[in-house]
Every structure is written in C-alpha cells, then in structure tokens.
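Just below is one structure, and these are the notes that go with it.
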Amino acid sequence: MKIVVTEAMPTQCAEASTTEANIPQVVLITGAKSQLAQALLRIAANIGELALNSNANTNTNTSIPLELYALSRSQLDITDAANIAVVFDQYRPSWVINCAAYNAVDAAEHDAIEANRVNALGPELLAQQCLLSGARLLHVSSDYVFGGQAVCEIAHAAERAVGDARESGVEQHQNPDLASNPNPNPNPNPNPNPNPNQVHLPRPFVELDAPEPLSAYGTSKLLGEQRVVAVLGDCATIVRTSWLYGQDGHNFVKTMLNLMRTQPSLQVIADQIGCPTWSDALARVMWQLVVQQCSGVFHYSAQGQCSWYEFASEIQRQALALNLLSQPVDIQPITSADYAKQALNRGISLAKRPSYSVLNSGKLRSTLVTHNALLMPEQIEWQDWRQQLNCMLRRLS
C-alpha cells in the first residue's frame, strides 16, 4: 500500500531529513488494531497513488511515494526502548504515527502507572528514537487534557442543561456567537456586569489554552505531549481530538447501537459538552499533516458541539432512518453526579470528566489551507458532527 506525497521541506522543522523522489518513505503506524489506525489505513487505500502539488516555492512537481506499515503491540511495544530501536532499524521510517494508547479512562484512576507507561513513557521513547534517526512523529492526544477552568465556568449551567433537555428533548448547546465568528473573543464573558441568571457557555479550547486535566487518564495524555515536545521541540506534531468513534473498535456509537437493540430505555449524561469526531475524518486530516510535513500542536474535531445525551438521541434518530434499528427506545438525560452515584452503587468508580471540552480546529484548518494541503472529495473533515455521524452510520447499513 502506498500513497504519494509532495517533496516539501517541513513547514516548521528545517532539521528533518529529505528523501530522493524515487525512494519510498516509510510510515510506521503504532497500535495497528485501534480504530484510528484502521481508519488511517482505510483512508490511505481510498487515496491510492495520488500526486500532490509540489512545494509552492519551486517550479518542480516532484513527489515521494509512501509505504505504510501498521504494527500491533506484539510487533512494536512503544514502552520497550530496545524493541523500538530494532523496529526502527528494520523499517527505517521517515514518519511515525502513534495510535497506541491507554484509553480506559475510568480504569486509569486505579492503574495510573500503566496509563503513564503507555501514554507518557511510550511517546517519549518514540520521540527519542525519532530524534536519533531523523524521523518525524505525529502523536495523538485528547481533549481530556483540559477541564479545570471550563468546569468552573459552566458549573452553574449543568442543572439547567438537564432541565431543558427534559422539557424539549434534544437541544443543541451552541453559542450563537461562535457560529458567526470563527475567532471568538478569548474572554467568554465580555460583559463586566453579567446577569447572574444568564448562562454563559465557555468558548472552544484553542491550542494556547493552559491544560488542566481532571483525571489520571487526562494527566497521562498531557504528560505524553510534554515529553514529546521536550525531546523533539518544534519538530513535534501533536493532534488533540475529542469523542472519537468509528466503524472499528469499541466506541460510544457502537455501544449505543448495541444498547438500543437490547435495552428498553437508556440514561445518558446531559451535562458534559464536547464534539463527536469520526475516526475517518481525523485520519484524513492526519494524512494532510503528514504529506505537508507540518509540525506543531493542533486541535481537530467535527464542527458544532453537543452533550452525550444529544449525541445518543441523534444516533438513534439516524439509525432508525437507516434501518439500523427496528424501534426506538426511551432515552433519558441524567447529570454526571447522578450517573456517578448509580455507578458507585454498582461498585464502579468513575473518573472525573470535563463538563466542557469542545476544541477549536481553526488553527489546523488555516494551516492546511495555507500550505495547500491535499483537498479530498466531500471535505467531510470540516462538516458538522451530525453529517460525519451520518457518513459513518451509512457504512454500517
């Protein structure tokens, strides 16, 4: 499997190595069985052999083929420095895309050592080997690196969000100012004398916002970012994403579909606001970063925002229309606090999650446009989360 990329110097990392046009560049993908790794392979196969525009600063149209190798944990354990060195020596990659991760958010509260080993030590070891070999690293992180300030800002809105949901069904928690202004005022409440009864949801997080994780999982992901940057500096490429789902692996959409087929009713959290992101859309964005050799920290999610309750309700609505479900079930909103109490009564302790973790993808979008990144058909990566969900569900129908 191969795709063709531009022979362009990295946009922000002048120290990366170059390769002659007729010699393939190897891309290693860790965590081969993950939903994101599978999406990366699927999107690469859909692209096929495609020659992109050459560096805008030259008059040539030279391209470099990519050879992709997705390795499972048994083939590449990112927490084993010796194993990493052997694999790098065997494949001699030009790029490494790290999809290996510890994603059990609740389990991490009782297994922080393992979460840190996979999410922090692993990326650090990959970065060190990339530095030694001259390879580039694209590391995937999470919206859960945020949370502290956002929780304080919308704590007063949580109960009202649940009450509104009960009264009106599905409600979109969208700040109208954000829809018309892609670069919102960094002050979420510019009025110096706000009405205490008025609800103000915070703006989506940008890359320069200070992380403040609430959980062991979020802490481990932030630590991974910090260690990668400590090793690679400006040559690091990090993409934070949110509420990832797809055709492969375990995720919220597939879990909801299964529960809707087997349970008469569901309770879904209504006071956590984020943005669902289809793994195939994220994969498309990641390939664009690779082929343009971009570096830096970027945010990516679908457009818009919703609660888990709204997400579940939309999954059911679309699944019924596509005949993925035969009949609807009752979906009731519940607060995070009540959901946690119910879980604790069953002997399950839940990690604290941010009440608001929407990501602003503006920097990434402008970067790809500026550097003439690959324009793929349909442009699903910049669609509303409902449209991305529809694309994914249609592949299941």
- Message: Assess whether a salt bridge exists between Asp106 and Arg353, defined as any Lys/Arg side-chain N lying under 4.0 Å from an Asp/Glu carboxylate O.
- Response: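 Yes, charged N to carboxylate O under 4.0 Å.
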- Pair Arg284 + Glu381: basic N to acidic O under 4.0 Å: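 Here Arg284 pairs with Glu381 in a salt bridge, since their nearest N and O are under 4.0 Å apart.
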Can you tell me how far [atom2] of [Y] sits from [atom1] of [X], rounded to the nearest 0.5 angstrom?
X      : Y      : atom1 : atom2 : answer
Gln267 : Asp330 : CD    : CG    : 9.5 Å
Tyr91  : Gln75  : OH    : CD    : 6.0 Å
Asn251 : Tyr245 : CG    : OH    : 9.0 Å

Show the atom names and distances, to 0.1 Å, of all donor-acceptor pairs under 3.5 Å that link a side chain in residues 96-104 to residues at least two apart or in another chain.
residue, atom, partner, partner atom, Å
Asn98, OD1, Thr30, OG1, 2.6
Asn98, OD1, Ala100, N, 3.3
Asn98, ND2, His139, ND1, 3.1

- Angle class for the Phe252/Phe311 ring planes (parallel below 30°, perpendicular above 60°, tilted otherwise)?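 Geometry flag for Phe311 against Phe252: parallel rings.
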For [X] and [Y], indicate whether the former's side chain and the latter's backbone hold a donor-acceptor pair under 3.5 Å.
X      : Y      : value
Gln388 : Thr277 : no
Gln316 : Val329 : yes
Ser357 : Pro354 : no

- When Leu359 is tested against each of Phe298, Tyr300, Phe205 for side chain to side chain contact (heavy atoms under 4.5 Å, CB included), which residue passes? Phe205
- Message: Run Asp271 and Ser336 through side chain to side chain donor-acceptor pair (under 3.5 Å) and show every step you take.
- Response: CA-CA 6 Å; Asp271 59 358; Ser336 299; 2.6 Å; yes
- List the steps and the verdict of side chain to side chain contact (heavy atoms under 4.5 Å, CB included) for Met392 and Gln247. CA-CA 7 Å; Met392 179 269 190; Gln247 299 95 300; 4.0 Å; yes
- Proximity of Trp243 and Tyr144 rings by center, below 6.0 Å: no
- Item | Nearest heavy atoms of Leu222 and Val145, plus distance in Å |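 Taking Leu222 first and Val145 second, the nearest heavy atoms are N-CG1, 3.7 Å.
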- Tell me whether Val206 is reachable from Trp382 by hopping between hydrophobic residues (I, L, V, M, F, W, Y) whose side-chain heavy atoms are closer than 4.5 Å.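 No.
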- Got a sec, which pairs hit salt bridge (Lys or Arg N to Asp or Glu O under 4.0 Å) with one end in residues 254-270, sequence neighbours left out?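 Those involving residues 254-270 do not exist here.
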- Item | Stepwise side chain to side chain donor-acceptor pair (under 3.5 Å) test for Ser279 and Gln35 | CA-CA 7 Å; Ser279 58; Gln35 62 177 337; 4.7 Å; no
